[in-house]
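Here's the structure we're looking at; comments come further down.
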Amino acid sequence: MNIVNSKQKHQKIQVQLVWEGLLIGVVAGGVVVLYRIALAYDKAWLSVVLNAVRENPVWIIGWFFLLFLLALLTGYLMKWEPHISGSGLPQLKGELLGVLDQDWKKVLPAKFIGGVLALTGGLSLGRGGPSMQLGAMTGKGLSRILKWDKETEKQVLICGASAGFAAAFHAPLAGVIFIMEEIQKGFSVMSLIPMLVSAVSADCISVCFLGREPVFRVVIEAALPRNEYWLLLPLGIVLGVTGVLYQRSLMGTKRLYQKVERIGEKGKMMVVFMTAGILGIFVPEVLGSGGILLQNLTNGNMVFGTLLFLLAMKFLFTMLSAASGVPGGLFLPLFVLGAMLGSIFAVFGVRCLGLDSIYINNFIFLAIAGYFAAIFRTPVTGIILVCEALGSFQYILALGIVSVVSYITARLLRSEAIGESLLKDLLEGQKKK
């Protein structure tokens, strides 16, 4: 009799979690859709401003004055609510571990506005991490408003985070897997179903309002032939090494900011926003999350020298933006950097190894997955994310080889996953205060 009662109780809990997951997915999906709409207006506005600056240099004064105001406002927001800094993933991990307790009433509006301000200024940041934090805080808010059981709050947080990921990238399966690989560090049947329900419902909300525009507009003309698969091994090694370089450079830049403590939060904001202003005049391609840069890559509109120069500039500006603590995600700039590395590798293959140029775009999307796996130590997420973005799973073998090789390379170099490094830095910073 006890076994029957226990089974019925378990089924009742699962049904309850599914309904909670559905509600969280719909509401969190709506919040992230609003965030994406605001960022889309930002992108269009930034393009208009930069065109005006190029056509009439008098507008440069207005451009820098605007950046000055954006830096002040962002610094004020971060002082009012410090938990909005960066991508938001370390804060989510910290809350699930029980070492942080975010105030959802403050984090939701501050993160939303801070992320919009950062992209308005053209910083090299994305929407992924903030969307997950917004989703998680939406879930936490619903839990508090509806007075759900405290024991389910962690489940609510991860449901909200998976919903945020799905709504940001139209990748519900990748969102669930990322939570398990990076946030939970494990698999739970009890949490899988509500997470999936949240992610799918959030994706449906996103599609209804924004359509299904793919994250990567990569046209694959032909599958990579098996006799060229040997190139995937050196590609994975290159991505593993450069992924470690990304992690160490980002943490090194954060330490550099910390050494000049006298400039304070507003000072850091001034540095990064003014840098965006200078780059907007001379190298506007590296501003923002990098969607235009990725599109130009896949269209084959760049010569090799230009590609190397833009890779260096995008990498340096991404380090400066992400390490400053400005609210913004790592994912989209990371995808662009990976794509550029893949393009460079493929062009080298065409010139020196007899690779057919028709396969350059293949290496671009393979490198996105491999670079992601090396930096976050989440090879499965990288594979599924690219497959969902492309709308096809036929390239899963090639993606798997590159992602596993890059993952192993990064592990052999004894580099931490970027999420772990950022969480440690966050907790150490709180201890000093």
Side-chain angles (χ1 to χ4, degrees), residues 21 24-25 28-29 32-33 36 87-89 92-93 126-136 157-188 191-207 210 212-218 239 243 289 294 329-336 338-339 364-400 402-404 406-407 417-419:
I24 292 166
V32 174
V33 163
R36 287 187 59 183
S87 69
L89 293 182
L92 176 59
K93 288 167 71 75
R127 63 175 183 256
S131 295
M132 293 181 71
Q133 189 177 18
L134 288 172
L157 287 169
I158 61 176
C159 282
S162 62
F165 190 105
F169 296 121
H170 295 304
L173 186 55
V176 171
I177 293 173
F178 183 75
I179 295 295
M180 291 190 294
E181 269 195 303
E182 166 62 12
I183 307 298
Q184 283 187 310
K185 300 293 184 184
F187 175 83
S188 168
S191 63
L192 176 61
I193 300 302
M195 268 200 297
L196 191 57
V197 170
S198 291
V200 170
S201 56
D203 187 39
C204 288
I205 296 296
S206 180
V207 170
L210 302 175
R212 185 167 284 281
E213 182 180 350
V215 181
F216 316 126
R217 292 181 179 179
V218 184
L239 295 171
S289 57
L294 182 58
L330 304 176
F331 291 167
L332 285 174
L334 183 156
F335 296 158
V336 174
I364 287 176
F365 81 79
L366 289 169
I368 291 172
Y371 200 54
F372 187 89
I375 293 170
F376 279 99
R377 302 294 193 277
T378 53
V380 180
T381 301
I383 295 167
I384 300 301
L385 177 60
V386 172
C387 286
E388 284 189 296
L390 292 173
S392 172
F393 282 77
Q394 66 174 309
Y395 309 107
I396 197 165
L397 176 59
L399 286 165
V402 172
S403 297
V404 169
S406 65
Y407 171 81
I418 193 66

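The chain is numbered in sequence order, starting from 1. Model, not experiment: these values are computed from the prediction.
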Residue list, salt bridge (charged side-chain N to carboxylate O under 4.0 Å, His left out) with Glu182, at least two apart or on another chain: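 By the salt bridge (charged side-chain N to carboxylate O under 4.0 Å, His left out) rule, Glu182 matches Lys93, Lys185.
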Minimum heavy-atom distance [X]-[Y], with the two atoms named:
{"X": "Ser289", "Y": "Gly126", "result": "CB-CA, 4.3 Å"}
{"X": "Ala136", "Y": "Leu157", "result": "O-CD2, 3.5 Å"}
{"X": "Ile24", "Y": "Ser198", "result": "CB-OG, 4.2 Å"}
{"X": "Ala28", "Y": "Gly135", "result": "CB-CA, 3.9 Å"}

All ring-ring contact (aromatic ring centres under 6.0 Å, His included) counterparts of Phe376, not counting sequence neighbours: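 By the ring-ring contact (aromatic ring centres under 6.0 Å, His included) rule, Phe376 matches Phe178, Phe331, Phe372.
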For Ser403, all residues meeting side-chain contact (heavy atoms from CB on, under 4.5 Å), sequence neighbours excluded: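 Ala369, Ala373, Pro379, Ile383.
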With Ala339 via side-chain contact (heavy atoms from CB on, under 4.5 Å) - residues at least two apart: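 With sequence neighbours excluded, Ala339 shows a side-chain contact (heavy atoms from CB on, under 4.5 Å) to Leu294, Leu297, Ile364, Ile368, given in chain and number order.
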Within a strict 4.5 Å, meaning less than it, do heavy atoms of the [X] and [Y] side chains meet?
{"X": "Tyr407", "Y": "Thr378", "result": "no"}
{"X": "Gln133", "Y": "Leu92", "result": "no"}
{"X": "Arg127", "Y": "Val32", "result": "no"}

Residues which pass side-chain hydrogen bond (donor to acceptor under 3.5 Å, both in side chains) with Glu181, listed by chain and number, not counting sequence neighbours: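 By the side-chain hydrogen bond (donor to acceptor under 3.5 Å, both in side chains) rule, Glu181 matches Thr381.
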By side-chain hydrogen bond (donor to acceptor under 3.5 Å, both in side chains) - contacts of Ser206 (at least two apart):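 For Ser206, the residues satisfying side-chain hydrogen bond (donor to acceptor under 3.5 Å, both in side chains) (neighbours in sequence not counted) are Arg36.
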I'd like a table of donor-acceptor pairs (distance under 3.5 Å, sequence neighbours excluded) in which one partner is a side-chain atom from residues 158-167, with atom names and distances.
| unit_1 | atom_1 | unit_2 | atom_2 | d |
| --- | --- | --- | --- | --- |
| Ser162 | OG | Ile158 | O | 3.2 |
| Ser162 | OG | Cys159 | O | 2.9 |
| Ser162 | OG | Met195 | O | 3.4 |

If you round to the nearest 0.5 Å, how far is [atom2] of [Y] from [atom1] of [X]?
{"X": "Leu196", "Y": "Ser201", "atom1": "CG", "atom2": "OG", "result": "9.5 Å"}
{"X": "Leu330", "Y": "Ile375", "atom1": "CG", "atom2": "CD1", "result": "8.5 Å"}
{"X": "Ser87", "Y": "Leu334", "atom1": "OG", "atom2": "CG", "result": "11.0 Å"}
{"X": "Met132", "Y": "Ile179", "atom1": "CE", "atom2": "CD1", "result": "3.5 Å"}
{"X": "Cys204", "Y": "His170", "atom1": "SG", "atom2": "NE2", "result": "11.0 Å"}

Test log, rule side chain to side chain contact (heavy atoms under 4.5 Å, CB included), inputs Phe393 and Ile384: CA-CA 8 Å; Phe393 282 77; Ile384 300 301; 3.9 Å; yes
